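Notes follow once the structure below has been shown.
Note that the structure is a prediction, hence the values are computed from the model and not measured. Below, chains carry the letters A, B, ... as their sequence lines are ordered, and counting in each starts from 1.
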Amino acid sequence: MDEVNALPPEKLQELAKSLPAPAPQREERTGLPPLPGAEKGKVVLRFAPFPSGALHIGNARGVYINDEYRRMYDGKFYVVFDDTIGSAEKKPLKEGYSLILNDLKAAGVEPDAIFYKSDRIERHYRFVPDLLRSGKAYVCTCPAEKLRLNRENGMACPEREKDPDWQVAQWEGMLSGQYRKGEAVVRLKTALDHPNPAFRDRVLLRISEDEHPRVGHKYRVWPLLEYSWAIDDVELGITHVIRGKDLVMEDQMEEALWAALGMKGPHFAHWGMLRVRESKISKSKSMQEVLSGQYDGWTDPRTWSFGSLERRGIRSEAIRSFVLSFGMSLADIEVPAESLYSENRKLLDPVTPRRAFVSDPELVEIKQFPSGLAQIFLPNHPNMPEMGNRKLKVSGGRFYLPGKDVRANMGREIRLKDFLNLRLLAKASDGIVEAIFTSVPNKPVPRIQWVPQEGAKAVSVLMPDGSRVMGYGEESVSDARIGSIFQFERFGFVRLEGNDERDLLQAVFSHP
RNA sequence: GCUCCCGUAGUCUAGUGGUCAAGGAUAGAGGCCUCUCGAGCCUCUGACGCGGGUUCAAAUCCCGCCGGGAGCACCA
């Protein structure tokens, strides 16, 4: 480059003529990258949650990427509950199914079909005898400890080379109850010197006598994730498996199984790990806190579940554009929630009515309050006159002001925003702050939020960290519909949830 | 430790050999507007991890290093 630049201009001209015409302007790509081998109208995708609880913000990427590809290719989106029996640490939960389906509804994602792995167990069994007879798999009766040790050392377990009849007989023994939990497993034969020990003769099916929330004790032999998916992905006609990169090893395993079963499977694609900075907590950790009562259910804002975001007035479209903005990048990222809030603010700001709200309230009594002033009208939205006005009754001469502003301006003149000017005098022994009216027209003095004591509605705002902020809202918030979203001026967006038993209005903070 | 993946501004992302002296978003700074600390408008700050190669030409290809992450279950 430097050399070329150093050439005299006439030389450059000559050089330019000899070069091929510049490539056409790159087209800016919007949305997700094309899916390899995808044909419009023929793409079938799956979202495969384990029903251990409500969906978490971390699951949003899987939901929306798959849904977005469905849109792009006019394809199908299946929900396939990945509800095999799990483990002691990871159990399917009875309410997990409905929690997830409700979350998907809230997410605005409508599945084309819903499947349950627990309905498909017999389909998984069907291939086992053939795998055993053809010597591609075997029944291993080593204790788990022994199995792992052999695997680490690349050693074969004694059952590996036993004849097919023996294998099939043991398989039947597994099904019939001759073997108990932990006494026998079906393993795929792979290279025993595979660099990844976990890959060596991976377990395909094992025995569990735990009760399953949907099918109870109907089955005692349960497939593991890779084996069940190798079959289900093919049988359900999935064309593209798009999932987090924590599951890349499972791709190899499914491919090894397709080779063994003589099947051809779908394409794979992955995205990197996403963490929302403020949501340090995982789905399984939230589950503990919810089940233990530490949290106020699955919609506690600290869970960062879909339901909790909906409760906070965070729109599904905001979550959608938030997660799609990361594309299919394989980098592991940590994103501040501010990015999500920014998306949501774009949606809420233009349509959300404004209301006055005062936290940490101080009651201020204005002397010489103008006697003729009984009510004023303020616009619902300063930039949207078509949204109309709301009325505030002001005749009482007593107002709640933010304590912070009162303390900072004691003795000075201030303006109640959109209303009138006054001078703060002093806090009387009864706790009421005395003030004196000065004038009405706008004035370059500090402008402060206020709520008339008359009709003031006590509000408790649930914050994202689980704490509550108490304050007063103007009268008009008390008859707002449940689920209404307001911007409390200078405080932030909130969603109203209705009154509690003490007639305290409950609100949930969205974001500033 | 082993296997795999990833390194573009504070954060996220576009970019796949040539108008890329790097685009967008968000955050930050300043200004305008606004009787919100919100929104809007304008301006600005700010990045190709490092070192070698290949090439006329490298963010882009190759190698090494450094840094981050994931996986390494009879969980999903």
Side-chain angles (χ1 to χ4, degrees), chain A residues 1-4 7 15 19-20 22-23 25-26 28-30 33 48-52 82-92 117 140 142-144 147-148 151-152 181-187 194-200 202-208 222 224-226 228-229 243-252 270 272-275 277 283-284 321-322 325-327 329-336 338-343 345-346 348-350 352 354 356 378 381-384 415-419 441-445 447-449 487-493 511-512:
Chain A
M1 184 66 97
D2 285 349
E3 268 175 53
V4 176
L7 291 171
L15 200 61
L19 284 169
Q25 185 74 32
R26 266 197 287 269
E28 186 90 341
R29 183 175 58 74
T30 54
F50 183 69
S52 62
D82 207 357
D83 61 336
T84 53
I85 198 71
S87 64
E89 304 82 51
K90 220 170 194 170
K91 288 180 190 298
K117 189 147 276 176
C140 178
C142 295
L147 188 159
R148 196 173 35 168
R151 176 140 69 194
E152 257 170 46
K181 180 181 168 71
E183 289 176 353
V185 296
V186 177
R187 298 174 70 185
H194 192 280
N196 185 349
F199 208 83
R200 295 172 192 162
R202 198 146 169 100
V203 174
L204 303 183
L205 300 106
R206 66 5 166 136
I207 297 167
S208 170
W222 287 90
L224 257 39
L225 176 139
E226 299 95 337
S228 60
W229 278 117
R243 57 188 175 193
K245 76 172 193 186
D246 49 325
L247 261 23
V248 284
M249 194 193 78
E250 282 67 18
D251 296 7
Q252 295 173 51
H270 302 92
M273 307 311 287
L274 162 69
R275 183 169 20 219
R277 186 165 304 157
K283 180 169 151 189
S284 40
S321 40
F322 171 69
S325 75
F326 311 132
S329 148
L330 282 163
D332 303 311
I333 54 174
E334 184 176 278
V335 187
E338 184 56 42
S339 301
L340 172 62
Y341 299 158
S342 161
E343 292 295 338
R345 196 148 45 221
K346 283 177 205 165
L348 292 188
D349 191 82
T352 304
R354 272 50 177 171
L378 292 176
H381 193 299
N383 313 97
M384 305 277 167
R415 177 167 181 79
L416 305 190
K417 181 177 170 287
D418 298 306
F419 187 29
N442 196 11
K443 209 174 193 181
V445 291
R447 281 193 284 260
I448 290 179
Q449 288 293 323
Q487 189 207 46
F488 281 173
E489 288 193 346
R490 293 184 179 184
F491 182 74
F493 292 90
H511 47 75

- Can you tell me how far P in U54(B) sits from the matching atom in U13(B), rounded to whole Å? 33 Å
- Query: For the atom pair CZ (Arg187(A)) and CZ (Arg202(A)), what is the distance rounded to the nearest 0.5 Å?
  - Reply: 11.0 Å
- Calculate the interatomic distance between Glu334(A) atom CD and U13(B) atom C1'; express it in whole Å. 16 Å
- Task: Report yes or no: does Asp83(A) contribute a side-chain atom to a donor-acceptor pair with the main-chain N or O of Lys117(A) at less than 3.5 Å?
- Result: yes
- Task: In whole angstrom, give the distance that lies between atom CD1 of Ile333(A) and atom P of U11(B).
- Result: 12 Å
- Within the side chain of Arg447(A), is there an N or O that forms a donor-acceptor pair under 3.5 Å with the backbone of Val445(A)? no
- Asn196(A): what forms a side-chain hydrogen bond (donor to acceptor under 3.5 Å, both in side chains) with it, not counting sequence neighbours? none
- Please give the nucleotide sitting opposite C35(B) as a Watson-Crick or G-U wobble pair, both distances under 3.5 Å, or none. none
- For atom C1', what is the distance between G30(B) and C35(B), given to the nearest Å? 23 Å
- Look only at the side chain of Arg415(A) and the backbone of Pro441(A), and say whether a donor-acceptor pair between them is shorter than 3.5 Å. yes
- Task: Compare side-chain N and O positions of Ser325(A) against OP1 and OP2 of U13(B) and report whether any pair is under 4.0 Å apart.
- Result: no
- Quote, to the nearest angstrom, the C1' distance that separates A14(B) from A59(B). 12 Å
Could you write out each protein N or O paired with an N or O of nucleotides 43-47 of chain B at a distance under 3.5 Å?
none

- What's the closest nucleotide to the Pro336(A) side chain, out of U11(B), U26(B), A39(B)? U11(B)
- Message: Over 60° means perpendicular and under 30° means parallel, so tell me whether Phe326(A) and Phe322(A) are parallel, tilted or perpendicular.
- Response: perpendicular
- Query: Hey, what do you get for CG (Leu224(A)) to CZ (Arg206(A)), rounding to the nearest 0.5 Å?
  - Reply: 5.0 Å
- Task: For nucleotides C32(B) and G23(B), find the distance between their C1' atoms and express it as a whole number of Å.
- Result: 26 Å
- Can you tell if the side chain of Leu348(A) reaches within under 4.5 Å of the side chain of Gln487(A), non-hydrogen atoms only? no
- Query: In Watson-Crick or G-U wobble terms, both distances under 3.5 Å, what is the partner of G1(B)?
  - Reply: C72(B)
- Task: Answer yes or no: is there a donor N or O on one side and an acceptor on the other, between the side chain of Arg200(A) and the main chain of His194(A), under 3.5 Å?
- Result: yes
Between the protein and nucleotides 7-9 of chain B, are there any N/O to N/O pairs under 3.5 Å, and if so, what are the atom names and distances?
none

- Message: In whole Å, measure the gap between the P atoms of A58(B) and U16(B) for me.
- Response: 16 Å
- Item | Rounded interatomic separation in angstrom, taking CG from Leu340(A) and P from A25(B) | 18 Å
- Item | Rounded distance [0.5 Å steps], CD in Gln252(A) versus CZ in Phe199(A) | 5.0 Å
- Query: What integer number of Å spans the C1' atoms of C12(B) and G68(B)?
  - Reply: 16 Å
- Task: Can you tell me, in whole Å, how much space there is between the P of A27(B) and that of G40(B)?
- Result: 9 Å
- Task: Treat primed atoms plus P, OP1 and OP2 as sugar-phosphate and everything else as base, then score nucleotides 61-76 of chain B 5' to 3': B for base contact with protein heavy atoms under 4.0 Å, S for sugar-phosphate contact only, - for none.
- Result: -------BSSSSBBBB
- To the nearest Å, give me how far apart CG (Leu330(A)) and P (U13(B)) are. 10 Å
- Task: Drop me the distance from Met384(A)'s CE to Thr352(A)'s OG1, to the nearest 0.5 angstrom.
- Result: 10.0 Å
- Please measure how far the P atom in A70(B) lies from the corresponding atom in U43(B), and state the result in whole Å. 41 Å
- With sequence neighbours excluded, tell me which residues meet salt bridge (charged side-chain N to carboxylate O under 4.0 Å, His left out) with Arg345(A). Glu338(A)
- Complementary nucleotide for A29(B) - Watson-Crick or wobble, under 3.5 Å: U43(B)
- Note on the structure: Lys346(A) atom NZ is separated from G38(B) atom P, nearest whole Å, by 16 Å
- The reported gap from CD1 in Ile85(A) to CD1 in Ile207(A) (rounded to nearest 0.5 angstrom) is 13.0 Å
- Mutual orientation of the aromatic rings belonging to His511(A) and Phe493(A) [parallel < 30°, tilted 30-60°, perpendicular > 60°]: tilted
- Between NZ on residue Lys417(A) and CD on residue Gln449(A), distance to nearest 0.5 Å: 5.5 Å
- Could you please name the partner base of G23(B), counting Watson-Crick and G-U wobble pairs only when both distances are under 3.5 Å? U13(B)
- Scanning all shown strands, the Watson-Crick or wobble mate of C61(B) with both distances under 3.5 Å is G53(B)
Look for any protein N or O under 3.5 Å of an N or O in nucleotides 29-37 of chain B and output each such pair with its distance, or none.
unit_1 : atom_1 : unit_2    : atom_2 : d
C35(B) : O2'    : Asp418(A) : OD1    : 2.7
C35(B) : O2'    : Asp418(A) : OD2    : 3.4
C35(B) : O2     : Arg415(A) : NE     : 3.1
C35(B) : O2     : Asp418(A) : N      : 2.8
C35(B) : N3     : Arg415(A) : NE     : 2.7
C35(B) : N3     : Arg415(A) : NH2    : 2.6
C35(B) : N3     : Asp418(A) : N      : 3.4
C35(B) : N4     : Arg415(A) : NH2    : 2.4
U36(B) : O2'    : Arg490(A) : NE     : 3.0
U36(B) : O2     : Arg490(A) : N      : 3.2
U36(B) : N3     : Gln487(A) : OE1    : 3.1
U36(B) : O4     : Arg354(A) : NE     : 2.8
U36(B) : O4     : Arg354(A) : NH2    : 3.1

- Message: Please check: side-chain N/O of Arg354(A) versus main-chain N/O of Glu489(A), any donor-acceptor pairing under 3.5 Å?
- Response: no
- Query: Rounded to whole angstroms, how far apart are NE2 on His194(A) and C1' on C4(B)?
  - Reply: 11 Å
- Item | G-U wobble or Watson-Crick pairing nucleotide for G7(B) (cut-off 3.5 Å, both distances) | C66(B)
